[in-house]
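So the structure is just underneath, and the comments pick up after that.
Each chain gets a letter, A, B and so on, in the order the sequences are listed, and its residues count up from 1. In what follows, every heavy atom counts, from backbone to side chain, and hydrogens, waters and symmetry copies are set aside. Please read all numbers here as calculations on a predicted model, not as lab measurements.
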Amino acid sequence: MTQDTTSNPTDFIRDIIDDDLKTNKNNGKVATRFPPEPNGYIHIGHAKSVCLNFGIARQYQGTCNLRLDDTDPAGESMEFVESIIHDIRWLGFDWEDRLFYASDYFEKIYQFAIELIKSGNAYVCSLSPDEIRELRGTFTEPGKDSPYRNRTIEENLDLFGRMRAGEFADGAHVLRAKIDMAAPNIVMRDPIIYRIKREPHYRTGTKWVIYPMYDFAHCLSDALEGITYSICTLEFENNRPLYDWIVERLITGLRPRQIEFARLNLSYTVLSKRRLIELVQEGHVKGWDDPRMPTVTGLRRRGYTPEAIRNFCAQIGVAKNDNLIDVALLEHCIREDLNEHAPRAMCVLHPLRVVIDNYPENQVEQFECANHPQNPEMGTRKIPFSKVLYIEQDDFMENPPKKYHRLGPGREVRLRNSYVIKFESMVKDDRTGNVLELHCTYDPDTLNGPPADGRKVQGVIHWVSAQHGIPAEIRLYDRLFSIEDPGSEENFVKYLNPNSLEILTTCYVEQNLKNAEPGNQYQFERLGYFCVDAKDTAAGKPVFNRVVQLRDSWAKIAKN
RNA sequence: UGGGGCGUCGUCAAGUGGUAAGACACAGGACUUUGAUUCCUGCAUUCGGAGGUUCGAACCCUCCCGCCCCAGCCA
């Protein structure tokens, strides 16, 4: 169904905001942020969060900042920052001048740490990583205090300053919040808030050798930016008490509130950064923008539109239930968009030569065809017809089953936008028995209507004039995995769909598509939606990616 | 089982004490020069289970069951 764009979505987060607005909690202010770490490309799960955060800002006339959460230099890079910026813009969102980096707050965050030490709420711990883990306890046993827990403020200040100055080796000391080693929530057992890490940062270079941990940096970054709603995914629910603990101690006035929602899971693909990286690095796909990837860049290259992705995000809703969204919904959303906007064209994937015996040898007719069957405003184009054509191999059967409406011995069929033709004979390969060529005759009176004698012609098939068609490479994509929830399998690579990509090199598209614009989508009638590949298309030599197939009720009938 | 969270149609998801929205999927049918689109129709006497409160419960209470998250100097 088409979304009513005048009505805003509703969900538990918006309910909270509505309540806050009623009580004027933040003086009517609504400020969100989207905080990706620049260590990978964003995917459709991020898109859900982008739509949520930017969508809320738009709906309530508030703001949404883009903040790169770059507190761990390992793996972070400008390449990822740029891709993230590009992808979010492409999705249709704007942060104006509010592009921020957690790394820009390093000095301020450091000062906050000093403040925490001074108030007796943090200490430098000199245990080894193993020892810290040891003393942390388990789910059922409380932890034990670090022997360094009661260092004096002066000593802590001195040590922390020297940590920053680079006097110690990586891992020699950490700064910890002094909370409660017996807390039932493990997050609260004196969490580490600063570590020494001699790793050059893509933005701050070697200026810092200590970096704040997520729990410390994130809430303070939110506060620094005046965020009112810090929306994140469910796995951070355990961290919320720490978020509040820090903010309560260091921030006066407006304090941001963390709200968690369930992250997106999509069937037949994986959405965790770790797994996506593995797919790329181990060469299971051809890169982050492989059209089979659920990344925004992959979806874009596949031919998905921002509208379809936004609509998908609106349809799935926002809640706290773990979910596994049927990829059929995503496919529905792109079909819905492309059905309305993509111009139609004809293309033969698996060509079968057809000679129209009663058509003059050198004649060529140009048929004026609608670019869209329901929308005349999309105009028309000319398609050449001649004696020799290509049709789809599937559209001819020597021994057709019942209900098959296409071509076969003794049968007639309508050529889309053209004449009705009748089967006359076929030429077979002597050795293999394969049908090499069909001979048909056409009925010249059927161009603009059904046969005058009332004959019923049920089938309509697509075609391309052999001498006019443009050879094209067409890539047929299918789901990347063969099981619904590969993300739940430890050895998920085992379930890759071996047929997720089929490359066809003997296809013919109508000549109008010879110089089709990279990135543009078309509906190849009766086949599906296709997108001109933006990377591998060369002048006059188009490469198409299949976005999604058309719904195919024949396929269902044929199965039975 | 120490803490946190979640259980409403195959998949999502509304519903917040007044008698189960919607979407996708699926199944029929109409129309059709795309077996597409569009259009009709059907699709939870029941809300994880069992008790209880109430005139009335998916919504309140009790107990039970199941699933997810947390023991990175990742985010």
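As judged by a 4.0 angstrom heavy-atom cut-off over every strand, Ile192(A) is placed among the base-contacting residues. Counting non-hydrogen atoms under 4.0 angstrom, Asp215(A) reaches nothing in the nucleic acid. No contact: Phe524(A) has no heavy atom under 4.0 Å from any strand. Contact annotation for Ser267(A): no contact, since no heavy-atom pair falls under 4.0 Å across all strands. Within 4.0 Å of Tyr404(A), counting heavy atoms only, lies at least one base atom of the nucleic acid. Note on Arg416(A): a base of the nucleic acid sits closer than 4.0 angstrom, heavy atoms only. Contacts of Ser272(A) with the nucleic acid, taken as non-hydrogen atoms under 4.0 Å apart, are absent. Within the nucleic acid shown, Ile132(A) comes within 4.0 Å of at least one base atom, counting heavy atoms only. Note on Asp170(A): nothing from the nucleic acid sits closer than 4.0 angstrom, heavy atoms only.
Nucleotides G22(B) and G42(B), compared at atom P, are 11 Å apart to the nearest Å. Spacing of C1' atoms, G18(B) relative to C60(B), comes out at 14 Å, to the nearest Å. As rounded to the nearest Å, U8(B) and A58(B) have P atoms that lie 15 Å from one another. G52(B) sits 16 Å from C47(B) when the P atoms are compared, rounded to a whole Å. Distance check on atom P: A14(B) versus C67(B) gives 24 Å, rounded to whole Å.
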Intermediate values then yes/no, ring-ring contact (aromatic ring centres under 6.0 Å, His included), Phe216(A) and Phe112(A):
CA-CA 9 Å; Phe216(A) 195 59; Phe112(A) 275 124; 7.4 Å; no
Tyr41(A)/His46(A) under ring-ring contact (aromatic ring centres under 6.0 Å, His included): CA gap, chis, key distance, verdict:
CA-CA 9 Å; Tyr41(A) 282 67; His46(A) 292 104; over 10 Å; no
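Under 4.0 angstrom from either OP1 or OP2 of C74(B) there lies no side-chain N or O belonging to Thr71(A). Here Lys197(A) reaches the OP1 or OP2 of C74(B): one of its side-chain N or O atoms lies under 4.0 Å away. Under 4.0 angstrom from either OP1 or OP2 of U34(B) there lies no side-chain N or O belonging to His462(A). Within the 4.0 Å cut-off from OP1 or OP2 of C73(B), at least one side-chain nitrogen or oxygen of Arg136(A) is found. Not one side-chain nitrogen or oxygen of Arg335(A) sits closer than 4.0 Å to the OP1 or OP2 atom of A36(B). Between Arg195(A) and G72(B), a side-chain N or O to OP1/OP2 separation shorter than 4.0 Å is absent. Between Arg240(A) and G4(B) there is no side-chain polar atom (N or O) within less than 4.0 angstrom of OP1 or OP2. Taking only side-chain nitrogens and oxygens, Asn321(A) comes nearer than 4.0 Å to OP1 or OP2 of G7(B). For Thr138(A) and G2(B), the shortest distance from a side-chain N or O to OP1 or OP2 is not below 4.0 Å.
Atom pair Ile16(A):CD1 and U16(B):C1' shows a separation of 14 Å (rounding to whole Å applied).
When distances run from any side-chain atom of His332(A) to the nucleotides A25(B), A75(B), C12(B), the shortest one goes to A25(B). Checking A23(B), C70(B), C74(B) against every side-chain atom of Asn238(A), the shortest atom distance belongs to C70(B). In the set G35(B), A13(B), C69(B), the nucleotide with an atom closest to the side chain of Ala319(A) is A13(B). You'll find that the side chain of Phe139(A) is closest to A71(B), out of U37(B), C74(B), A71(B). Closest to the side chain of Lys556(A), from the set C26(B), G35(B), U34(B), is C26(B). Among A23(B), C74(B), G35(B), the nucleotide with an atom closest to any side-chain atom of Ser553(A) is G35(B).
Remark: A71(B) base-pairs with no nucleotide in the shown strands. Criterion, Watson-Crick or G-U wobble with two distances under 3.5 Å. Pairing for U62(B) goes to A50(B), judged as Watson-Crick or G-U wobble with the two contacts each under 3.5 Å. Base-pair partner of A57(B): not found among the strands shown (Watson-Crick or G-U wobble, both distances under 3.5 Å). With a cut-off of 3.5 Å on both pairing distances, U32(B) has no Watson-Crick or G-U wobble partner at all. The partner of C26(B), taking Watson-Crick or G-U wobble pairs whose two distances both stay under 3.5 Å, is G42(B).
Contact annotation: side chain of Asn185(A) to base of G4(B), donor-acceptor pair absent below 3.5 Å. Below the 3.5 angstrom threshold, one finds no donor paired with an acceptor across the side chain of Glu340(A) and the base of U37(B). Not a single donor-acceptor contact under 3.5 angstrom links the side-chain atoms of Glu76(A) to the base of A75(B). You won't find any donor-acceptor pair under 3.5 Å spanning the side chain of Asp326(A) and the base of C12(B), going by distance alone. Residue-to-nucleotide contacts include a donor-acceptor pair under 3.5 Å from the side chain of Arg406(A) to the base of G35(B).
A cation-pi arrangement, defined by a distance under 6.0 Å to the six-membered ring centre and an angle within 45 degrees of its axis, is present between Arg275(A) and Phe492(A).
Taking the syn range as angles within 90° of 0, the glycosidic angle of G51(B) is outside it, so the base is anti.
Applying the salt bridge (Lys or Arg N to Asp or Glu O under 4.0 Å) test to Asp15(A) and every residue at least two apart in sequence or in another chain returns nothing.
Contact annotation: the side chain of Pro486(A) never approaches that of Tyr268(A) to less than 4.5 Å [non-hydrogen atoms, C-beta and beyond].
Using a 3.5 Å distance cut-off with no hydrogens or angles, the side chains of Thr269(A) and Arg479(A) do not pair a donor with an acceptor.
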